[in-house]
Amino acid sequence: MGLCQLKPRRRSRGPHLAPPDGLSGPLGRGQVRRLMGESDHWRVHPGKDLHLGQIDAGSAPGAPGDRIATESVLPSLQTELSELQARLWAEGRRSLLVVLQGLDAAGKDGTIKHVFLGVNPLATRAVAFKEPTPDEASHDFLWRVHAHCPAAGQIGIFNRSHYEDVVAVRVNRLAEPEVWQQRYGLINAFESILAHGGTTTIKIYLHISPEEQLRRLDERRERPDKRWKLRPADWDDRKHWDEYQVAYQDALKRTSTQIAPWYVVPADHKWYRNWAVSRILIDALTRMDPHYPG
Ligand code: ADP
C-alpha cells in the first residue's frame, strides 16, 4: 500500500460527480434503506447527543454470530470489498477516504492489516500521521492532510488524521482553546471540499475500554514482536483517559455530517471490529455504486 502510481484517467473528476450524501445513485430506495440500516448501528447522527461512556466497547451489535461465526464471513467481505475497489479504480473518477481514529492500542494498525487484506495496493494509499514535523507545523494544520488525500479511483486510508488537531492538541494543550475550537468548522469545510471533488469520507472511531487498552499495552511490553510499538507516552496518555473521551466525544459530535459521517465501532473484540469496519466500508462503496467504464 501507499504507492501513488497513477494510471491515465479517461476523464477528470469534477464537482458534478459526487452527490453530497452519496445516495442519489441508481440504487433503489429499499436497497438504500437496508444499507443505511446496516451501518446504522455505529453511525453518529448529526445533532444527536453522544456519550462514549455509555457504549459498551465489548459489545457486538449486529454481528452475524459469535466469534467463530463472525470470522467465517470475513473472507467473503474481503472479496466483496476487493470487487467494489476494482470498480472504483476502473471507473477512475471518484475516491473513498477512510479515517481511522482511536486511543493507543485501539487497533488502528490491525484493522488496516485485516480489513484491507484483499485490496489492490496500486489503488490504495495508506498514510500514518505522526506528530507534525517542523515543516508540517509551519503550515496550516490541513496542509499535510490534503496532500495525502486519495486521487481519483483510489481508496485512501488515514491512520490518525486531522482529528489529532482537535484531540491530541486539546488534551496536551498544544494550542489555545480558541485555536482548536475553530478547527471543527474548518474540518467540516475541508471535508466538504473533498466531497465536492469526488471524495467520499468515512470516519471510524475504534472504541476500546480502559481495561482492554491496559491488557494490550501489557501484552506489547511482554512480546518482542510487539514491544517496538510501545512509547513511554502511551502510559502518560492513559492518565488522561477521561480528557481524551471528552475530546473525542466533542469532535465526533461537531464533525459527524451527512457528507462525512462518523461511526463508533466497539473494538474490544478484534473479530467484531474487523467485521464491523468491513461492513461500513462495503456499505459506503455500495452506495457510491462505482461502474466499469462501458
Ligand atoms: P501510532 O500510535 O499511531 O502507532 P506513534 O506511536 O508514533 O504512532 O504516535 C503518534 C503520535 O503522534 C500520537 O501520540 C498522536 O497523538 C501524535 N500526533 C499525530 N498527529 C498529531 C498532531 N497533529 N498534533 C499533535 N500530535 C499528533
Side-chain angles (χ1 to χ4, degrees), residues 1-2 52 97-116 125-149 156-191 201 203-208 210 212-221 223-252 254-255 262 265 267 270 273 277:
M1 275 183 224
L52 287 174
L97 172 62
V98 183
V99 171
L100 278 174
Q101 286 286 158
L103 296 177
D104 294 314
K108 299 180 290 296
D109 293 10
T111 302
I112 294 170
K113 199 163 113 186
H114 287 96
V115 169
F116 294 97
R125 179 174 184 159
V127 189
F129 288 96
K130 310 285 182 185
E131 280 174 34
T133 62
D135 184 32
E136 289 169 344
S138 69
H139 293 81
D140 73 84
F141 77 104
L142 291 166
W143 177 78
R144 66 171 182 164
V145 178
H146 208 166
H148 286 294
C149 285
I157 307 160
F158 282 0
N159 181 341
R160 302 190 188 269
S161 64
H162 42 302
Y163 286 94
E164 296 294 324
D165 294 281
V166 286
V167 174
V169 165
R170 172 177 176 177
V171 173
N172 297 311
R173 294 171 174 74
L174 301 176
E176 295 298 321
E178 305 83 77
V179 173
W180 55 257
Q181 276 163 4
Q182 273 189 344
R183 288 181 176 166
Y184 299 126
L186 296 171
I187 287 174
N188 288 338
F190 170 64
E191 290 173 356
T201 302
K203 303 173 293 198
I204 298 174
Y205 174 71
L206 300 178
H207 177 55
I208 54 164
E212 178 61 15
Q213 189 198 43
L214 182 61
R215 202 192 61 71
R216 291 184 191 179
L217 291 178
D218 281 343
E219 187 189 45
R220 284 184 182 179
R221 193 163 45 188
R223 288 184 39 178
D225 61 325
K226 296 205 167 181
R227 204 174 294 144
W228 61 274
K229 283 190 172 187
L230 270 181
R231 294 173 312 138
D234 292 346
W235 303 96
D236 293 336
D237 280 351
R238 263 182 73 74
K239 294 182 199 142
H240 302 288
W241 183 274
D242 291 341
E243 284 173 77
Y244 271 106
Q245 297 296 297
V246 170
Y248 266 118
Q249 221 162 254
D250 287 350
L252 270 55
R254 298 285 298 272
T255 62
W262 271 106
V265 170
K270 294 175 184 174
R273 170 202 82 194
V277 173

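In this chain, residues are counted from 1 in sequence order. Note: hydrogens, waters and symmetry copies are ignored here, and every other heavy atom, side chains too, is used. Not measured: the values here are computed from a predicted model. Whatever order the structure lists ligands and atoms in, that order sets their numbers, starting from 1.
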Practice problem: Would you confirm whether Lys108, through its side chain, and Gly102, through its main-chain N or O, come within 3.5 Å as a donor-acceptor pair? | Solution: yes
Exercise. Begin with the C-alpha distance, continue with both residues' side-chain angles, and end with the deciding distance and a verdict on side-chain contact (heavy atoms from CB on, under 4.5 Å) for Val99 and Tyr205.
Key: CA-CA 8 Å; Val99 171; Tyr205 174 71; over 6 Å; no
Exercise. Examine distances only and state if a side-chain atom of His207 and a backbone atom of Leu52 form a donor-acceptor pair shorter than 3.5 Å.
Key: yes
Quiz item: Any ion pair linking Arg215 and Asp218 (charged N to carboxylate O, less than 4.0 Å)?
Solution: no
Quiz prompt | Residues in the immediate environment of ligand 1 (any heavy atom closer than 4.0 angstrom) | solution = Asp104, Phe129, Lys130, Glu131, Pro132, Arg144, Arg160, Glu164, Asp165, Ala168, Val169, Leu174, Arg231
Quiz item: Which one of Trp143, Phe190, Phe141 satisfies the ring-ring contact (aromatic ring centres under 6.0 Å, His included) criterion with His162?
Solution: Phe190
Quiz item: Taking NZ, NE, NH1 and NH2 as the nitrogens, is one of them in Arg231 or Asp237 under 4.0 Å from a carboxylate oxygen of the other?
Solution: yes
